[in-house]
Amino acid sequence: MILEWVAQSPVVLVALLIVFVPGLVALYGVGLRGLALLSASPLFGVASAAIIAVGFGAVGIGWSPLSWALASIALIGLAWGAGRLLGLRPSPSARSTHRWLLPTAMVIGVILGVWRLAGYIAEPSGISQTNDAVFHMNAVRFILETADASSLHVSAVIGGSGFYPSAWHGIVSLITMLTGTSIAIAANAFTLVIGAFIWPLGIAWLTKAMTGSATVAGYSAVLSSSLQTFPLLMFQWGVLFPNALSTALVPAAVALVISLPRFSRAPGPWRSGARDGLLVLIVAGALVLSQPAGLLPWAAISTVWFSFWLFGNIAAIGRARVIAFTAAAWAGTIVLWLGLAQGTSGSHWPPFRGKVEVFLDVLLNGHVLIPFAYGVSALMLVGLVVAARRRDTRWFVVAWFGISVLYVLVAAIGSPLIRDGILGAWYADPYRIAALAPIVVIPLAAVGADVVVRAVARWRHRPADNLKMTAAGIAGVAFLMNALVLLRPVAMPAFLEGTYDRESRYLAAEDAFLDPDERALLEALDELVEPGARVLGNPSTGTGFGYFLSGVDVFPRTWSPPTSQSWTVLGEYLRDAAADPEVCEALTAYGQPEYVLDFGLGEEGPGRYELPGMTDFSGQDGFELVAEDGDVSLWRITACDQ
């Protein structure tokens, strides 16, 4: 497995270049340096790629690596022009006692993140055996075939229209085109970039922005993958690729906002304000076009900080202005929150936890029935006490409390007003909300780790910033992480059933959603059917992956079948087409498909359906066997030929 991932390192490198390089160059031109520049660059990279895609889709320019690169160069030029126009200068960087510490910690955090994610995915070409993966993979294939990655057009892959955030899909399509690799390998390479590069950098910057300490930021980087709730859980459940990208960007997005007062001021307040406004717009664009729900934790945490900052500077700003600015900030956050909550299809999941149990989940980081993280939780509790006692970090305790309340609401409160009105932006999905916890838990645990190391230093009569003690602290946290990554089980819990996956959802086992025989047949479809042919299948058996794997028009292209009467007829009676004229009429409603896949009956469950009419074609009049691989087969529909 290791050698297979090493062989795909060029694909990961291309993904890193797409996400980081445009932002590194552009934000350098507006004065960002050091950790801030490195951590904020994915915000620009994601936002610019998605905005370019929307613009190209509007004017009819094809989406390709060349067109993306040229447009990115133009945006970089605009950023440098804005930097010159506004007279922006690099912010002065604070000198660290041990300049090697944070880069070393970052490398450790990246390695541990890659190890945990690659270990779970197993094979670089693995496909997540989950419902949402069907849509996401098919959307990438659609972009490749139509040369249109616009968030306003991508839902056309399933016959839809309107906005759907497609930053993830557009970037994966670029990786595929630039490397010539498969969609599955490109998606998994981007998964490593999201969880093992974007996330640790962002969480380290957030910690440094909160505490002002490179040492604490180093602890945060090493601990970045210590909790299963993020990044791993978002690649287990769903699979929630866009949500994972958006959540991974939130720490850097918050860090950028709280760092604005520390950035070097440009000549004239309006120029500094213009720079700050542009940076905030980049953040908003990145979050909206990756997954809009990410706007809410970013806005709420930033507003908490802003409120504390205003009242901390009340003498300089004035009481009336402080009250007005605070009220306006919270009003805007509330309006945004309610708007996004009402803009979705509402709550899809019920509460599942008792009122006492849910508080243990929060304090011991055992969200959605994940085994309690005792070590990290102990550090977090120490960090909470320390942060609450310090005036400059007290706001972060409020942020932790707010994120914790969200989980309490989704896990234990069944009121429709709460689930639709407050939690609707996440569909009241406890997994998505649990994934927000590490944004506030990891920095607090890093503060706790620093306190422990300093206490040991005092006990040994050593200076707190002693080189050996600091190195020992990083080594100790790294040892804790090694134990977690290598020994801690990462099985995904099914919170409603109270059960756990016995293995990774990327493994193509014989009883998987898409087993090896099914995948082999789907990958061969373009050689088995004529160009332009439509192939039917029960998506609850894995046939929905057919379009992404072969380019053939396998219908439906999502995990769930249509809700029309015509589809109901096909699902129940397609195998009887030769004897039932109503079946041929139903086929006409879907373009008179020439073929059908038989992957079995299907299954019952969320997003899964049993369709008895789409199996057992052997011996039925009106069907000819085209190909067979194990228990799966492809049939030509001849019953309706005229």
Side-chain angles (χ1 to χ4, degrees), residues 116 199 203 223-238 240 243-244 247 250-251 293 296-297 300-301 347-385 387-388 396-415 418-419 422-448 480-481 483-485 487-501:
R116 169 160 272 194
W199 168 253
I203 209 74
L223 289 168
S224 59
S225 296
S226 60
L227 296 177
Q228 185 177 344
T229 41
F230 196 85
L232 185 59
L233 187 62
M234 290 296 93
F235 299 110
Q236 294 179 305
W237 168 250
L240 302 178
N243 209 92
T247 303
V250 169
L296 300 186
I301 295 173
S347 172
H348 292 190
W349 305 96
F352 64 97
R353 210 70 166 127
K355 301 297 190 295
V356 174
E357 295 170 321
V358 74
F359 287 104
L360 287 177
D361 290 350
V362 168
L363 292 176
L364 298 177
N365 290 288
H367 306 75
V368 289
L369 307 186
I370 288 172
F372 292 144
Y374 293 107
V376 175
S377 300
L379 294 176
M380 178 200 75
L381 292 172
V382 173
L384 274 171
V385 173
F396 205 76
V397 177
V398 177
W400 173 86
F401 180 78
I403 295 295
S404 300
V405 167
L406 276 181
Y407 177 75
V408 170
L409 294 178
V410 77
I413 305 300
S415 166
I418 297 294
R419 305 196 76 76
I422 296 178
L423 308 174
W426 297 278
Y427 310 102
D429 178 357
Y431 292 107
R432 300 175 202 242
I433 291 175
L436 302 177
I439 297 171
V440 288
V441 170
I442 298 300
L444 289 169
V447 171
L480 171 64
M481 274 299 301
L484 289 172
V485 171
L487 303 178
R488 184 179 173 84
V490 293
M492 201 209 79
F495 70 90
L496 286 180
E497 295 81 10
T499 60
Y500 294 82
D501 287 354

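In this text the structure is predicted, and so the values were computed from the model without any measurement. Residue numbers start at 1 and run along the sequence shown.
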Worksheet item: Do Gln228 and Pro493 come within less than 4.5 Å of each other through their side chains, counting heavy atoms only?
Response: yes

Item to complete: Work out which heavy atom in Ile422 is nearest to a heavy atom in Leu406; give both atom names and the distance.
Response: CG2-CD2, 4.4 Å

Item to complete: Find the distance between CD (Gln236) and OH (Tyr431) and round it off to the nearest 0.5 Å.
Response: 9.0 Å

Response to the item:
Applying side-chain contact (heavy atoms from CB on, under 4.5 Å) to Thr247 and not counting sequence neighbours gives Phe230, Asn243, Leu436, Ile439

Worksheet item: Gly354 and Ala412: which non-hydrogen atoms are nearest, and at how many Å?
Response: O-CB, 4.3 Å

Practice prompt. In sequence, state the C-alpha distance, the side-chain angles, and the governing distance for Ile403 and Val441, and then conclude on side chain to side chain contact (heavy atoms under 4.5 Å, CB included).
Written response: CA-CA 10 Å; Ile403 295 295; Val441 170; over 6 Å; no

Worksheet entry | Nearest non-hydrogen partners of Pro350 and Phe495, listed with the distance | O-CE1, 4.1 Å

Practice prompt. Specify the closest pair of heavy atoms between Val410 and Ala428, including all atoms of both residues, with the distance to one decimal.
Written response: CG2-O, 3.4 Å

Worksheet item: Can you find a heavy atom in the side chain of Ile203 that is under 4.5 Å from one in the side chain of Pro251?
Response: yes

Item to complete: Check whether any side-chain heavy atom of Lys355 lies under 4.5 Å from a side-chain heavy atom of Ile413, and answer yes or no.
Response: yes

Worksheet item: How many angstroms lie between atom CG of Leu379 and atom CG of Leu384, to the nearest 0.5 angstrom?
Response: 11.5 Å

Fill in: Sub-4.5 Å side-chain heavy-atom contact between Arg353 and Leu369
yes

Discussion item. Check this for me: Phe352, atom CZ, are more than 12 non-hydrogen atoms of other residues, nucleotides or ligands nearer than 6.0 Å?
Written reply: yes

Worksheet entry | Pairwise distance CG(Leu409) to CG(Leu423) - rounded to 0.5 angstrom | 5.5 Å

Worksheet entry | Whether over 12 other heavy atoms sit under 6.0 Å from Tyr500 OH | yes

Discussion item. Any heavy-atom pair between the side chains of Phe372 and Leu360 that's under 4.5 Å?
Written reply: yes

Worksheet entry | Residue list, side-chain hydrogen bond (donor to acceptor under 3.5 Å, both in side chains) with Trp426, at least two apart or on another chain | none

Fill in: Nearest-0.5 Å distance that lies between atom CG in Leu444 and atom CH2 in Trp400
8.5 Å

Worksheet entry | Heavy-atom closest pair, residues Trp349 and Pro430 | CB-CD, 4.0 Å

Worksheet entry | Rounded distance [0.5 Å steps], CD1 in Ile370 versus CE in Met492 | 9.0 Å

Worksheet entry | Ser377 side, atom OG; Asn365 side, atom CG - distance, nearest 0.5 Å | 4.0 Å

Worksheet entry | Test item: Asp429 and Leu240 side chains (from C-beta on) under 4.5 Å apart, heavy atoms | yes

Worksheet entry | Aromatic ring pairing His348/Tyr427, orientation class (parallel under 30°, perpendicular over 60°, tilted between) | tilted

Fill in: Considering all heavy atoms, the nearest Val358-Tyr407 contact
CG2-CE2, 3.7 Å

